[in-house]
**Student:** 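Pasting a structure below so you can have a look.
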2 protein chains.
Amino acid sequence: MTLSDIDFPTPSKGDDCRMVREILDLVGDKWSLYIIATLKDGPVRFNELRRRIDGISQRMLTITLRGLERDGLVKRTLFPTIPPRVDYELTEVGRTLLAPVMGLVTWAYASQENIQDARVRYDAS
Amino acid sequence: MTLSDIDFPTPSKGDDCRMVREILDLVGDKWSLYIIATLKDGPVRFNELRRRIDGISQRMLTITLRGLERDGLVKRTLFPTIPPRVDYELTEVGRTLLAPVMGLVTWAYASQENIQDARVRYDAS
DNA sequence: CTGTATCCCGCTAGATACTG
DNA sequence: CAGTATCTAGCGGGATACAG
């Protein structure tokens, strides 16, 4: 299939649209993207994730990780040591998300100035 | 620059990180992605957008479009006819967002079943 | 047709305290 | 260390009415 096959709410494709919507919402929530990007190089422990993702609370990190785990994008590995240790890493499916996600991140990074300037211009008028 | 240059909260790159965060938040809000995807083939009028984007309210369409306009991603053209007509289209910068965004959409479309299955499996346990 | 203005509900997510 | 539980404020966003 090609991009032009995706046309948002086509009456006949209602179900497809809802699913795509739902999945994009997952990716579009506040933290999923950052977690996925932070896991790009391999397993990371819980508190290491917390440190690397600026501003995330413990609660939101847990909740978001559970969601990603439920969707089969992230794998959780518990080492029953004392103190316990938990590694999170992308699954195979999760890694397929990496390319599009990093595409966005790269775009955001490259477009910073463009957007800043546009905002200044807009706010001036 | 390469992907490996982007490492989220590097102490020395605090400002960069905040900007990337801010821009991803923009893209990650509830509606921006759909508007951008819907504008991929050219100008679309206000109410046509509303019809094509399932579930968006008039209020949120206006607000989201203003945001995209402010960031220089969408161009607004008013035809002062009666009744008035307003076309929205992607700017050149906006079109550069299209590739990464459609990458995500394509991924979401292709991964529907994978994710559905993962959820069923997770919820069963 | 293309908005703006207001009201208001519900959920998101931060803060805090506690546990194995 | 890696969570869970609870409480709550803020705000995103829907509904509705109105305007140019």
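FYI, side chains are in, hydrogens and waters are out, and symmetry mates aren't considered; it's all heavy atoms of this structure. Order of the sequence lines fixes the chain letters, A, B, ..., with proteins taken first and strands second; residue numbering starts at 1 for each chain. These numbers come from a predicted model, not from an experiment.
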**Student:** Would you indicate what A:Phe79 reaches in the nucleic acid, counting non-hydrogen atoms under 4.0 angstrom: base, sugar-phosphate, or nothing?
**Tutor:**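 Result for A:Phe79 = nothing.
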
**Student:** Checking all strands, does A:Asn47 fall into the base, sugar-phosphate, or nothing category for heavy-atom contacts under 4.0 angstrom?
**Tutor:**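 It contacts sugar-phosphate atoms only.
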
**Student:** So which protein N/O to nucleotides 14-20 of chain D N/O distances come out below 3.5 Å?
**Tutor:**
from   : atom 1 : to      : atom 2 : distance (Å)
D:dG14 : OP2    : B:Ser57 : OG     : 3.0
D:dG14 : O6     : B:Arg59 : NE     : 3.4

**Student:** Is B:Arg76 touching bases, backbone alone, or none of the nucleic acid, heavy atoms closer than 4.0 Å?
**Tutor:**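 Sugar-phosphate, backbone atoms only, no base.
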
**Student:** Any side-chain heavy atom of A:Arg70 within less than 4.5 Å of one from B:Arg121?
**Tutor:**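 Counting from C-beta outward, A:Arg70 and B:Arg121 never come under 4.5 Å.
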
**Student:** With respect to B:Ser32, which candidate in B:Leu65, B:Val74, B:Leu68 satisfies the side chain to side chain contact (heavy atoms under 4.5 Å, CB included) definition?
**Tutor:**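 Going through B:Leu65, B:Val74, B:Leu68 one by one, the side chain to side chain contact (heavy atoms under 4.5 Å, CB included) with B:Ser32 is satisfied by B:Leu68 alone.
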
**Student:** Could you check how far CG of A:Leu65 sits from P of D:dC1, rounded to whole Å?
**Tutor:**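 About 16 Å, once rounded to whole Å.
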
**Student:** Heavy atoms only: give me the nearest B:Ser57-B:Arg50 pair and the separation to one decimal.
**Tutor:**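 Looks like C-CD, 4.5 Å.
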
**Student:** For residues A:Glu89 and A:Pro43, report the shortest heavy-atom separation together with the two atoms involved.
**Tutor:**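 Shortest heavy-atom separation between A:Glu89 and A:Pro43 comes out as OE1-CG, 3.7 Å.
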
**Student:** Quick one: is A:Arg50 getting a side-chain N or O under 4.0 Å of the D:dC1 phosphate, OP1 or OP2?
**Tutor:**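 It does not, given that no N or O in the side chain of A:Arg50 lies less than 4.0 Å from OP1 or OP2 of D:dC1.
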
**Student:** Using modelled atom types only, decide if a donor and an acceptor are shared between the side chain of A:Thr64 and the backbone of A:Leu61 within a distance under 3.5 Å.
**Tutor:**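 Here the side-chain-to-backbone pair does not exist.
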
**Student:** Calculate the interatomic distance between A:Arg45 atom CZ and D:dA2 atom C1'; express it in whole Å.
**Tutor:**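 To the nearest whole Å, that distance equals 9 Å.
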
**Student:** Would you call A:Asp87-A:Arg85 a salt bridge at under 4.0 Å N-O?
**Tutor:**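 Yes, charged N to carboxylate O under 4.0 Å.
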
**Student:** Taking heavy atoms of chain A and a 4.0 Å limit, find me the 5'-most and 3'-most nucleotide of DNA chain C within that range.
**Tutor:**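 Counting from the 5' end, contacts occupy C:dA13 to C:dG20.
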
**Student:** Would you find more than 12 non-hydrogen atoms of other residues, nucleotides or ligands less than 6.0 Å from B:Ile82 atom CD1?
**Tutor:**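 Count not over threshold, so no.
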
**Student:** Please tell me if the side chains of A:Leu98 and A:Leu39 come closer than 4.5 Å, counting only heavy atoms from C-beta onward.
**Tutor:**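 They are not in side-chain contact.
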
